[in-house]
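Note on naming: letters A, B, ... go to the chains in the order of the sequence lines (proteins, then strands), and numbering restarts at 1 for each one.
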Amino acid sequence: MKKVLSTTLGILTAVGGFVDIGDLVASSATGARFGMALAWAVILGLIGIVVFADMAGRVAALSHRAVFDLIRERLGPRVGLANLLASTFVNFLTLMAEIGGIALAIELATSVNYLLWIPLCALAIWLIVWRVKFETMERVFGLAGLALLISVLAVFQLHPDWNHLTSQAIHAAKPHSESWPSYWYWAISLFASAVTPYEVFFFSSGGIEEHWTKEDLSEEQANVFVGFPIGALLALALMALTAIVLMPLQIQVDHLSQVTQPVSLALGKLGIAALIFGFVACTAGAALEAAFSSGYAVAQYFGWPWGKLQPPRQAPRFHLVVMVATFLGMALLLTGIDPIKVTEYSLIFSAAALPLTYLPILMIASDPEYMHEQVNGRIRNFMGTVFLFIVSLAAVAAIPLMILTKGGA
Amino acid sequence: MVHAGPARTLGPYQSKADRTAETVDSYVQTALLSIELADNTRVNLNTLSVQLDDAATGASGAHNSFDTVEPPSEIADQLQEQLDRLLSQVDGQLSALATDAHRHHISELAQHRQPLQDLSQQIKQLENQLS
Amino acid sequence: MRLSELIHKPVVDVNGVKLGFLQDVRMQQDGPILGTWGAAFRASSLLIVPHKWLSQLGWEAEHTCGPWVIRALTSLLNRKALRVPWTAVANCDGPTVQLNIAQADIKNVE
Amino acid sequence: MSGRIIDAGYHLLDRQIIDFDSKLGGKVDDVELTFPQDGSAPYISDLYTGTGAYLSRIAPRLGRWLESIAKRLLQEEKPNVVWFGTVQRVQSDIEVSVSVNDLPTHRVEQWTAQNIISHIPGASSASE
């Protein structure tokens, strides 16, 4: 049990990348339209985030410095500021979308309009950041998010044609009813959301909140190699569910309520109850991750005290940033902005933030001044370079594809 | 009604009609799946009514945005009239369905199955003519 | 004077020939004693690089770590970098760092 | 060639300042080079930290304007400066021997704490 508990930071971080509100719908929507053809994008995203989260975790454990603190040090104030603005905008849009996501999930359980839940959800998220210890928050939401494993059970329960699914995934062929731009748009949005920068901010800062040192590298590794694969597994399960149930019926997914239908078919009311609990836990976990990351990025860039290592009074500006981001997000949501659409727009800004986040991490992970004897080996550097190239390619292609397909239409 | 501007040639108008038909048919199928789930008591009432509300608002949203586009020619007029008739019937069925769900009249949901299946059939036929 | 005013300032030799931009000033701990720190860091040499945007992307000559492809690219782009002793600086509060020796006489110091 | 060798920009600029109790005290936003009267090479006498010095590197006019206001407001000649004499250690971050409360960035931190954060219950107690 101790082993599982010690990997909840990894699980919680992975939730933000693979099963936040945007991914719950995106994974389901791609399953309904492309079957398992875009599974490779989730797998590629998994490898990418494992490579970079592991590096960021090691940097945090060895140098006790978090990612955004090092980004400014490596890129200087001007380019660092550009990354800060892009990342903060992504963090804010994501935080807003996740608060909306929690409300949408609660609406599914209560059929009371999601707008009414938003103030309560925003207050709950802020209160958790304000009062709850980091380890406690991480344990609770990391484990609660595992309720989404019900979707894996549902896939087996539907007794699918496994050969058909695996051949779809391997051939990764574009269905004739879909256009190439929308194929690549959805592939890039699945990949980009799996490697969103705030996962790396949260994971490395979380490592410092947990006082990681050289001795904790095995725990760091466990977090990476347990947490992120679980996240990817959940995303692939949701994709498989809609590929099996909704694709034959030509149902396109653009509401959270449609995502529950395959599990309802497979496991009935109990399945839905567990799934909705998983939705609430994952969107809340992702909201906390985005809220913390908003504070982490700004405070670490300016060198202010940050995090839950001390009471709020001793990290006032960090908490101020989180507070403003949370309640500004709430206010915008109450104007009726569609939370699911918001995560798609954040893709544009992560295009700029992606390369400017992962280049400094790659360099610092090989710098003996920070890593002492734990500098990157040849394999980590090779994988890091390959994925830095893929991430930059995705970043360049994201915006034109979004315009071309008018948001994946 | 605010006109979003005429689609100059038949081509774009036809593809707009085709996409609208596809979207509305997707919502009809969603509603049919919800009815089947409700019949087998595999979905709780709250989630069911949200599913049916989303289907109703989704379909009428697609219908409204289709109506805002002015048909550029007589052939397009005929197409618009044909599709519009189908979409209005769908809107009627889906909003009745959503209301039944909110009033917890689960037994009455099944009566909407047949009309929705016919409408889905007709929409699919229209789609085949278009593409 | 502030270091940020010096960094990325163009460097000109005694004949007015532009040599590049000042990337950084190397310091040696042999200045006056300062409080509990000890001997202050005193300027010993300066590094002149051909492009200033490189260091803005973290690709600084002599300090870039990372995979060999990044290190190779950085050293390639910075191959014309020059390290000049601080004694060669005539004055540096104008718009450029003015050296008191000609480009030909500059020998690269470590 | 006695004493340690560093590159001022690389090893000092934009580095995290921490106090003797490793509490975070802002970033090194700039470095002051003092030119001795005898014309010998300049040496590092102070570190700058704070919004004024930071902005001066990105938007010089705006930064200097902000600094002049801070000077007038706080009646101090160099309000956002840390004397290099108080530096204890220069590694991947810069440790100073003074407490974070005496560092320039503490004023705005203190102002935020008193005027905003402490009005909210639970501000001073550790989270459970």
Original post:
Given that the side chain runs from C-beta out, which part of A:A273 has a heavy atom under 4.5 Å from chain B: side chain, backbone, both or neither?
Top reply: neither
Original post:
Are the side chain of A:Q261 and the backbone of B:T30 linked by a donor-acceptor contact shorter than 3.5 Å?
Top reply: yes
Original post:
Can you name the nearest heavy-atom pair linking A:S264 to B:R42, along with the distance?
Top reply: OG-O, 2.8 Å
Original post:
What are the two closest non-hydrogen atoms of B:Q29 and A:I251, and how far apart are they?
Top reply: CB-CG1, 3.6 Å
Original post:
Does NE2 belonging to A:H164 count more than 12 external heavy atoms closer than 6.0 Å?
Top reply: no
Subject >> Residue A:V245 versus chain B: region with a heavy atom under 4.5 Å >> reply: side chain
**OP:** Verify the neighbour count for atom CD of B:Q78: are there more than 12 heavy atoms of other residues, nucleotides or ligands below 6.0 Å?
**Re:** no
Original post:
At a heavy-atom separation under 4.5 Å, does B:S49 approach chain A through its side chain, its backbone, both, or neither?
Top reply: side chain
Original post:
Should A:L265 and B:E36 be marked as a side-chain contact (heavy atoms from CB on, under 4.5 Å) after you check the CA-CA gap, both sets of side-chain angles, and the distance that decides it?
Top reply: CA-CA 9 Å; A:L265 193 63; B:E36 189 197 329; 4.2 Å; yes
**OP:** Could you grab the distance from atom NZ of A:K269 to atom OG1 of B:T41, nearest 0.5 Å is fine?
**Re:** 5.5 Å
Subject >> Nearest-0.5 Å distance, OG1 of residue B:T47 to CD1 of residue A:I276 >> reply: 3.5 Å
Original post:
Can you say whether B:D25 sits under 4.5 Å from chain A via the side chain, the backbone, both, or neither, judging by heavy atoms?
Top reply: side chain
Original post:
Side chain, backbone, both or neither: which part of A:N113 has a non-hydrogen atom closer than 4.5 Å to chain B?
Top reply: neither
**OP:** Among A:L108, A:I272, A:T260, A:L270, find the residue that satisfies the side-chain contact (heavy atoms from CB on, under 4.5 Å) test when tested with B:N44.
**Re:** A:I272
Original post:
How long is the gap from CG on B:L32 to CG on A:L249, to the nearest 0.5 Å?
Top reply: 9.0 Å
Original post:
Quick one: CD on A:Q250 to CD1 on B:I123, what's the gap to the nearest 0.5 Å?
Top reply: 11.5 Å
Original post:
Side chain, backbone, both or neither: which part of B:S34 has a non-hydrogen atom closer than 4.5 Å to chain A?
Top reply: both
**OP:** Answer yes or no: is there a side-chain heavy-atom contact under 4.5 Å between B:D54 and A:L256?
**Re:** no
